[in-house]
Amino acid sequence: MFDIEEALEKQHITLTAHQLEQFACYYDMLVEWNEKMNLTAIVDREGVYKKHFYDSLTIAFDYDFTDQSIVDVGAGAGFPSIPLKILYPSLKVTIVDSLGKRITFLHHLIEALGLDHVYAIHGRAEEFAKGHRESFDIATARAVARLNILDELCLPLVKVDGDFLVLKGKAGAEEYEEAAQGITTLGGRLVKDVAFTLDGDDDHRHNLIIHKVKKTPAKYPRAFGAIKKKPL
Ligand code: SAM
């Protein structure tokens with residue numbers, strides 16, 4: 001039986017009673033709203049705590065989010081940025097998702113959890129980049145697109161010296177090889193590939209930390225059609 005408190009204690013992270021209540025409220029709202037709209041295929045309590053909440057937090061084992069600003073591209077029902085915000089109350093979160101219904105859910109969730117400095121915006125990352133280039137300390141994404149597409153959606157949003165944190169499944173290393181050239185073009189450099197399995201099962205993950213070493217050339221991101229047709 002998966003216990004998030006126990007799993008996080010192994011990483012020397014102790015959740016407060018308030019944080020545990022926030023996760024409980026998040027779970028209840030996710031399941032309730034999922035009956036009205038498609039938010040997640042996983043609805044059992046253990047599955048949500050492990051494959052959504054805990055999985056979103058694994059990147060915090062290798063990265064300090066204190067006082068940072070983060071943009072979460074394609075957060076859907078809020079992963080990974082809402083669990084990270086619960087863990088790091090000082091985090092400033094901007095979510096950009098192209099599905100309006102999910103943004104509506106997030107607005108209700110943000111209010112119910114009492115989160116400040118969390119903005120959920122309905123839009124596409126490549127459009128959002130036009131007004132918010134190199135504006136965030138961190139960009140993150142989980143389960144949105146292959147890395148050779150995702151890099152162009154995310155890296156333009158990151159400040160030079162910031163990081164692009166990618167949560168990938170078992171194909172993470174392969175996807176990186178395919179995207180490596182494009183990541184260099186966009187101003188990124190891989191600094192860490194954390195390979196692990198989720199809580200000891202055979203669910204393989206790669207958390208990639210890509211540092212922004214130089215500015216992204218102004219011509220990126222291109223329109224989504226061009227990105228998809230000819231990834232860098
Ligand atoms: N990150 C969440 C997770 O890990 O559960 C949600 C993943 S869901 C499979 C992918 C989300 O990405 C969808 O909500 C979709 O609307 C959004 N998305 C896809 N392309 C996008 C883009 N170019 N800009 C913003 N959101 C996008």
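From a predicted model like this one, the values you see are computed outputs, not experimental measurements. Ligands are counted one by one from 1 in listed order, and the atoms in each one are counted from 1 as well. Heads up: numbering here begins at 1 and tracks the sequence.
In terms of protein heavy-atom proximity, atom 16 (O) of ligand 1 is nearest to D97 OD1, 2.6 Å. Ranking the protein heavy atoms by distance from atom 26 (N) of ligand 1 puts S98 N, 3.2 Å first. Protein heavy atom closest to atom 19 (C) of ligand 1, with residue, atom name and distance, is V144 CG1, 3.8 Å. In terms of protein heavy-atom proximity, atom 7 (C) of ligand 1 is closest to A143 O, 3.3 Å. At the shortest separation from atom 13 (C) of ligand 1 among protein heavy atoms lies R102 NH1, 3.2 Å. Ranking protein heavy atoms by distance to atom 6 (C) of ligand 1, first place goes to G74 O, 3.3 Å. Considering only non-hydrogen protein atoms, atom 5 (O) of ligand 1 sits nearest to R142 NH2, 3.2 Å. Annotation: atom 24 (N) of ligand 1 to nearest protein heavy atom, A125 N, 2.9 Å.
Checked for salt-bridge contact, D67 and K92 miss the test: no charged N lies under 4.0 Å from a carboxylate O. Using a cut-off of 4.0 Å between Lys/Arg side-chain N and Asp/Glu carboxylate O, D116 and K85 are scored as salt-bridged. A salt bridge is defined here as a Lys NZ or Arg NE, NH1 or NH2 lying under 4.0 Å from an Asp or Glu carboxylate O, and E152 with R222 meets this definition.
Taking the six-membered ring where the residue is Trp, the centroids of Y26 and F79 are separated by under 6.0 Å.
Taking distance alone, with nitrogen or oxygen atoms compared against 3.5 Å, F79 approaches ligand 1 more closely than that limit.
Interface atoms of ligand 1 facing V96, defined by a heavy-atom separation under 4.0 Å, are 25 (C), 26 (N). Close approach to L99 involves these atoms of ligand 1, each under 4.0 Å from a residue heavy atom: 16 (O).
Taking the ring-ring contact (aromatic ring centres under 6.0 Å, His included) definition, one finds that Y49 meets it with F53, sequence neighbours left out. Here Y27 pairs with nothing under the ring-ring contact (aromatic ring centres under 6.0 Å, His included) rule; sequence neighbours left out.
In this structure, Q22 contributes its side chain and L113 its backbone to a donor-acceptor pair below 3.5 Å. Although no hydrogens or angles enter the test, the distance criterion places a donor-acceptor pair under 3.5 Å between the side chain of R102 and the main chain of N38.
The proximity of A75 to ligand 1, defined as any non-hydrogen pair under 4.0 Å, is limited to the backbone.
For the atom pair CG of D72 and CG of L157, the computed distance is 11.5 Å after rounding to the nearest 0.5 Å.
Using a 4.0 Å cutoff on heavy atoms, G78 does not count as a contact of ligand 1.
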